[in-house]
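Atoms considered below: every heavy atom in the structure, side chains included; atoms not considered: hydrogens, waters and symmetry mates. Letters A, B, ... are given to chains in the order of the sequence lines, protein chains preceding strands, and every chain is numbered from 1.
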Amino acid sequence: MPETNGPTTEKNMVQAIHDTLFEEMKRDDRVIVLGEDVGARGGVFRVTMGFLDEFGEDRVIDTPLDEALIAGVGIGLAIDGMIPVAEMQFADFSFPAFNQITQEAARIRYRSNGDFTVPMVIRAPYGGGVHGALYHSQSVEALYAHVPGLKVVVPSTPYDAKGMLIQALEDPDPVIYLEHKKTYRLVKGEVPDERYTVPFGKAEIRRPGRDLTVVSYGLMHHFCLEAAERLAGDGIEVEVIDLRSIFPLDTETVLESVARTSKAMIVYEDNKFLGVGAEVAAQIAEHAMFELDAPIKRIAGPHVPAMPYAPTLEHWFMPNVDTLEQEMRKLADY
Amino acid sequence: MPETNGPTTEKNMVQAIHDTLFEEMKRDDRVIVLGEDVGARGGVFRVTMGFLDEFGEDRVIDTPLDEALIAGVGIGLAIDGMIPVAEMQFADFSFPAFNQITQEAARIRYRSNGDFTVPMVIRAPYGGGVHGALYHSQSVEALYAHVPGLKVVVPSTPYDAKGMLIQALEDPDPVIYLEHKKTYRLVKGEVPDERYTVPFGKAEIRRPGRDLTVVSYGLMHHFCLEAAERLAGDGIEVEVIDLRSIFPLDTETVLESVARTSKAMIVYEDNKFLGVGAEVAAQIAEHAMFELDAPIKRIAGPHVPAMPYAPTLEHWFMPNVDTLEQEMRKLADY
Amino acid sequence: MAKGTDRHTELGLKEEDLIEMYRFMLTARYCDERQWGLNRQGKAPFVVPVSGHEAAQVGSAWAFERGKDVFCPYYRDLALALVAGFTPKDVFLGLFGKKDDPSSGGRQMPAHWGAKDRNIITGSSPIATQCLHAAGIALSKKLKRSDAVVGTWCGEGGTSEGDWHGAMNFAGIHKLPLVLVVENNQYAISVHVSKQVAGSVHGRAQGYGMPGAVGDGNDVLEAYKLTKEAVDRARAGEGASLVELLTYRHYSHTSDDDDRTYRKKEEVEEWKAKDPIPRFEAYLRSVEMIDDARIQEMRDETKTTVDEQAAQAEEADFPDPTTAYDNVYAERVEVR
Amino acid sequence: MAKGTDRHTELGLKEEDLIEMYRFMLTARYCDERQWGLNRQGKAPFVVPVSGHEAAQVGSAWAFERGKDVFCPYYRDLALALVAGFTPKDVFLGLFGKKDDPSSGGRQMPAHWGAKDRNIITGSSPIATQCLHAAGIALSKKLKRSDAVVGTWCGEGGTSEGDWHGAMNFAGIHKLPLVLVVENNQYAISVHVSKQVAGSVHGRAQGYGMPGAVGDGNDVLEAYKLTKEAVDRARAGEGASLVELLTYRHYSHTSDDDDRTYRKKEEVEEWKAKDPIPRFEAYLRSVEMIDDARIQEMRDETKTTVDEQAAQAEEADFPDPTTAYDNVYAERVEVR
Ligand SMILES: Cc1ncc(C[n+]2csc(CCOP(=O)(O)OP(=O)(O)O)c2C)c(N)n1
Ligand SMILES: Cc1ncc(C[n+]2csc(CCOP(=O)(O)OP(=O)(O)O)c2C)c(N)n1
Ligand SMILES: [Mg+2]
Ligand SMILES: [Mg+2]
C-alpha cells in the first residue's frame, strides 16, 4: 500500500465505494449514476444511499429494468461528455447488456479510430457465498477481460476500492469495476481521507513469501491470506498476490514472484475452465516455465452453472480456507 | 477419420452442413430451423437453401431481427419437445442473445434438476479473413466454452461438419455449433453418404509427428497443416491436432501427444488473452509440465477488437501460414 | 341478486370454483405470513412475498385449463403456483432449499417455480426471459395443432426488457396461443411505474396487433374475466393478448428490501384497504356462499395446513453435495 | 400554384433548400451507381446501396440543424451522411477502407458512418444499438439544458431489437429531445415486414406515450414535414417522437445479397416507378425552379463530381499496419 501521511478512516468495502463515489460526484458535475434502484432506494447494497437527496434526479437516474438500456444510454452520455457510472444491480444481470458492453462500449474508440471515446464506469456486485444461488453469485470477470477495449478490475480492500474507483472515473476508457458482494461488509480497512488513485495493471504482493506464489483476487484473495497465515505457523511462507486488475494483467509481478518461489497456484471462484486462472497459468507456462519446480495448480469453482442455493451445495461450490490450506501445503511439499 | 465402407461424395463445408441438415429434417419432423433470412433467402451463406420449399413455413421460420428472440423461442420449442436449430446470422450477432444462451439454455437442466432440458443447436458462422471487419469476423468460442451447460464445437472438415451436426442434433443439451466462414467454400473433402456421428470431446490427430505438438481448430487448423507440410520437407515432423470440440475438451489426446513430442504450440484466431489457448496451455502446465522441453507457445489474434476492414489491417490481424511456419520451426529448434 | 345474474355465473364460474379460488388465495396469504415469520426467526434467508397479488394470480391462473395449458410464471407467483399444483409443502421445500423442492431440488432461490408434471416451466432470476420461452412453447403448440394455451406472467418492470418486446412481437406476428399477463403493482423494487413504463402497459398491445386489456387486479373475478377472454381467444386460434392487472404488494419487494425508503406509509395503507381477500370475502358473502363462521373455519383450516406443511418441509433433507454435479449435462462431463 | 401556397413554402423551405436537397439526392444516387460499378469491377468488395431511400434520408435529415443537432444513423444512410457533411470522397474512402476514411480510418466496413466534427456518432454493425446511444446523448443534451435535438435512424427490421424498445421507452419516460426515424422499406434483407413487425411501427409510438407519424418516404417534402414537426416538438421540450417513412430499396440488401430470391420483379418495378428522384424533379418543375436543361446539367455536374472524388479516393493510401494497435485504449496496453 502506498504511503499516505494524512488521516485515515476505517471503512468496509461498501462504505469506501459509497464515500468515494459521493465525493467524486461533488467534485465533478459530469459524474452521473444510473441503474435500477440507485435513487430513493440507494441501490440494493446501499452504495448510492443518500445520493438522490444530495445530487437530485438529474444525476441519480433510476432507469427502467433494462440493462442494455443502462449500458447503451451510459455510452451515449459518455460520448456527449458525461462520466456515467452505470450500475448493474448484479453482475449476473449484465448479460442482457452484453452486446452494448462488448460490441459498443469496448469498440467505439477503436472503430472510430479515436474520434469517439467512452469514459464510462460499469459497477457490478459479483461473486458468491451470499445465498445468491445461480443468478446472484456469478463471477463474470473472465468474460469481460477477454474483450479488447475493456478494462476489468476487482478491488479487494477498501483502500483499493477507493483508489481504483477514482482511477476508473479518470480512465478515458470503459472500466468494468467488480465488487465482491461477500466482501462488502466483511472486509474492513483504513482508507485515507485524501484523494488518490491506484493504477490499473499493477498487482499487489500483500504477503511476501519464498515457498510458493499464490495468485488470486476478490474474496478468494482474503481466503488465501488466511490459509497462508495458517501455513506460516509451520514455517511455510506463501507469497500472496492480489491481482486487483484482471485486464490489464500484471504479468511481470506474477512472473517475478514465481521466479523466486518456483511454485505457482491460482485461486479463483469462477468456473475453472477458461476462467482468469487459465490465462495466468498460460502466461507462466509461456514465460517462466523453467523457473517452476512443480506443476502449476489451479483451484477454482467446479464446472456447474454457478452456485446452488441449498447451504450444502453452496458450501460445496466455494473454494474454502481449509481446502486452500491443504492444497498450498501439498504444493509447498511437492 | 473412422472407416466407412459406403459411398462418399466430395463436398465443401457449406454443402456438407446444408445436406446434413436437410436430411435430418427429412428424417425427424421435430427438427425445425429458425433465424433471420433462413427462409426464402436460404440463409445468407445458403446453408438452408431450398429448405422452405421442402419443409414449409412451419419448419423453416424467418424470425424478426432479434437474436434474444431466436434463442428464447428456440428454448421454448426445445422444452416442448421440438429440436430447434437456431441460426445466428453471424456469431458476432449472438451477443444480444447472450443472456438467453448462457443463463437460460445453459442452465435449464441444472436449475430444474433435470426436469426440463434444452436439446437445441445454435449454429453460427464465425471467424475472419473474409473482409468482415469488426462485426463479421469474430471468434466467440471462448466466451461460450466458459459457460457450464453449453457444449461448443468447431468442425473443420466436411466429414466432421456432418458427423458433428448429427451429434449435435442427437445431443440432449444445447450445442453451439460454430462454422468458420472462410472454410465454407475453401475446405473440401469426402463425405460418406451414410448417416454417422462424430462424438464430442474427441480431438483428432490429423497429422502425426514426433517433434512438436500443434493444437488448433477451425481455419487455423488448416493453416497449421499447411505449415507442418512445409516443415516436413526439412525433416521436422509436426503433430497437428484438431480439437474440434472446444467443450468438452479432449485434454487426454493433447497431453498424450505432448508427452511424446515434448513441445506444445496452440494456434487460434481469437484474441489471445483468455482465448481457448489459455485453457489448453493451462491444462498442459497443470498436467504435463515435466514432459515439456520448451515453454508452451501460443499464437493468436492480437488484443484489438476484432479484425479491421482495410486489407492491410486484416492481413495484419490474421495468423498466417508463413508466421506459423516460422514459429513452429523456432519451437522445434528450441 | 337474482340467481344467474351474479357476476360469477355470468363468467361461467360455479360455487365450487369460487370456494376453491378463495381457498387458494387464503393459502397463498398464509404461506406468505409463515415465510415472513420464518425469515424473522432466521430460518429462511430469503423470502419473496405475494400478499396483495392473490386475486391477480388466482384469477388469471383460473382462466387456464390445468393439465393441458402451460404456465410460465415469475417469482412473485406463489398463488399461481398453488393453483397450478404446488402444495404448501412444495412451497416451503423451495423456501428452505431442500432436496425435494419440486422446482429445482434446492438449487435455485425460493420462488423460482417450475415442475414439469404441473406444466409450470422452470423460471430463472433474470427478468422477463420466460416470456420468450412462453412464445416458443406457444409456437410449438401451434405447430402441433394442439389447442393448449400458454400463459406467461411478469411485473410491469419486466415489460422494459427486450425479451418482453420480442415475445409481444413474435406472438403478434404468428398469432400465437399466448396470453401475456402483467401484474402491475406500480413498483419494480423501488422504481415507480412512471419511471418504468412510458405510455402504458396495456396501451402497448395495439402496436403489436393484439388486444390489450387492463383491469382491477385486486378483484379476482375481474382478473379471471379479462384473462379468460384472452385464453378463449387464444384457444380459438385468434392469437395472443395482453392483460394488465393493477395491483399492489403489501410488503417489501423481498426480505432483502425495505420499502419504507421509497413508498409512503399512506400509500401502502390505502392499498391494504383494497386487500383482495376481504374483497372476495365480501363478494362471497353477498352471493351467500359463505358466512362469517365459514370464513373463520376456512381460515383456520388453511392456516393449520400451511403451518403443518411448513413444519414438514423444515424437517426435510438438504440435497447431498455429492449430487451437486448432476444435471449439468445429461451425462457427466469431467473438467480436469 | 400561387406563390406562398407551394408545399415547400408552407413548410418554410426556400428555393436554395430545395435545390440543395435535390443535389444531395442526386449525389447519393450517383455515389450508389459508382459504388455498384466498382463492386462489379472487383474494386470494392462490399457495397450497401441507398437507391430508393434518398427522399426519406434527405428529407428527414433536412429537418435537423447541422452543427448543433446530432445524427445517429444506420448503414443505409448514405444520403443522410452527405447532408450531415460527408463528401463523396469521404464516402469512397470508406468504401475502399482507406486511411483517411473519416468514419473509422478503414477499420469498419463501408457505410458505418461517423465523424465527430459533423456530429455523426460512430455506428456499428449490430442492429439498433445506436438508438440507445441516441437516447443517452439526448439525455445529456437535456441535462445540459442545450436545445440540440438528436435523431436516430434505423430500418423497420431494427425495431425488433430490444435496444429499439429500450430507446423508445426511455425517450418516452424522460421526454427526451429525440426523434426516432424508421425507414420502412418492407424488407430486412429477405424478411418481409409482415414477418418482422406485429401491428405497425408507427402504431407502437402511442404505447410509449409519444406521437407516431407515418408517411410517404419517397416524397422528400413529406419526409421533411413529418420529421420537422418531430424536431420542433423535441426542441420545444415536448419530448420524443417516432416517424415512420415508407420506402423501398431498389437494389439488393448489399452486394453480398441477391434480392431475386425473395422479391418479385414486378414489386421492384412498381416501386422503381415511385423513384423519389423523378418525383422530386416533377415537383421542382411544377414550381418552376428547374427545367429539363437544368436537370440534365445538375445530373452531369453531380456525376462528374462523384466520379472524380471516387477516383481520388481510390488512389488514397490504405492504413499502415503499424497503426493497427492504435486506439484500442487511450494508451497502448501490451498483452504478452
Ligand atoms: C435482468 C435482471 N435485472 C435485474 C434484476 C433484479 N430485480 C429483481 S426483481 C426486480 C424488479 C421487478 O419488478 P417487476 O417486474 O415490476 O415485478 P414485481 O417485483 O414488482 O412483482 C429487479 C430489478 C433481475 N432479477 N434481472
Ligand atoms: C444484431 C444483428 N443481427 C443481424 C444482423 C444482420 N443484418 C444486417 S442488416 C439486416 C437487416 C436490417 O433490415 P432493416 O432494419 O429493415 O434495414 P434495411 O437494411 O432494410 O434498410 C440484418 C438481419 C446485424 N447486422 N446485426
Ligand atoms: Mg412491479
Ligand atoms: Mg428494411
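Residues Arg336(C) and Thr251(B) bring no donor and acceptor atom of their side chains to less than 3.5 Å of each other.
Heavy atoms closer than 4.5 Å to chain B are found nowhere in Leu176(C), neither backbone nor side chain. Contact annotation for Thr129(C): both backbone and side-chain heavy atoms come within less than 4.5 Å of a heavy atom of chain B. Within the 4.5 angstrom heavy-atom criterion, no atom of Lys142(C) approaches chain B. In this structure, chain C has a heavy atom under 4.5 Å from the side chain of Glu252(B), while its backbone stays farther away. Residue contact with chain C, scored on non-hydrogen atoms closer than 4.5 Å, involves the side chain of Asp66(B) exclusively. The part of Ile61(B) that comes within reach of chain C is its side chain, from C-beta onward, which places non-hydrogen atoms under 4.5 angstrom from that chain. For Leu255(B), the part lying near chain C is the side chain, with the backbone staying farther off; criterion is any non-hydrogen pair under 4.5 Å.
Within a 6.0 Å radius of NZ in Lys26(B), other residues, nucleotides and ligands contribute 12 heavy atoms or fewer. Heavy atoms from other residues, nucleotides or ligands lying under 6.0 Å from CD of Glu57(B) number 12 at most. Around the CZ atom of Arg118(C), the shell of radius 6.0 Å holds more than 12 heavy atoms that belong to other residues, nucleotides or ligands. By the 6.0 Å contact criterion, CD on Glu23(B) is enclosed, its count of non-hydrogen atoms from other residues, nucleotides or ligands being greater than 12.
With a 4.5 Å cut-off on side-chain heavy atoms, His133(C) and Gln100(B) count as touching. A 4.5 Å side-chain heavy-atom check between Pro126(C) and Glu104(B) finds at least one atom pair inside the cut-off. Using a 4.5 Å heavy-atom cutoff, the side chains of Asp115(B) and Thr122(C) are not in contact. Annotation: side chain of Ser124(C) is not in contact with side chain of Gln103(B) (no heavy-atom distance under 4.5 Å).
Residues Gly76(B) and Ile137(C) come closest through the heavy atom pair O-CG1, 3.3 Å.
Your options are Asn327(C), Leu132(C), Val333(C), Val335(C), and the one with the most heavy-atom pairs under 4.5 Å with chain B is Asn327(C). Contact count versus chain B (heavy atoms, under 4.5 Å) is highest, among Gln130(C), Glu331(C), Gln108(C), for Gln108(C). Of the listed residues (Pro172(B), Pro64(B), Pro96(B)), the greatest number of heavy-atom pairs within a distance under 4.5 Å of chain C belongs to Pro64(B). With respect to chain C, the highest number of heavy-atom pairs below 4.5 Å among Thr117(B), Asp29(B), Leu150(B), Asp171(B) belongs to Leu150(B).
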(request) Decide yes or no on side chain to side chain contact (heavy atoms under 4.5 Å, CB included) for Leu139(C) and Met82(B), but give the supporting numbers first. (result) CA-CA 10 Å; Leu139(C) 176 62; Met82(B) 298 292 185; over 6 Å; no
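A distance of 7.0 Å separates OG in Ser140(C) from CD1 in Ile32(B), rounded to the nearest 0.5 Å. Atom CZ of Arg107(B) sits about 12.5 Å away from atom CZ of Arg107(C), to the nearest 0.5 Å. One finds the CG atom of Leu77(B) at 11.0 Å from the NZ atom of Lys141(C) (value rounded to the nearest 0.5 Å). Expressed to the nearest 0.5 Å, how far CZ of Phe116(B) lies from OG of Ser104(C) amounts to 12.0 Å. Of the inter-residue distances, the one linking Ile121(C) atom CD1 with Ile75(B) atom CD1 reads 12.0 Å to the nearest 0.5 angstrom.
Phe200(B) has its ring centre no less than 6.0 Å from the ring centre of Tyr329(C).
Checked by atom type and distance alone, the side chain of Asp173(B) pairs as donor or acceptor with a backbone atom of Ala330(C) at under 3.5 Å.
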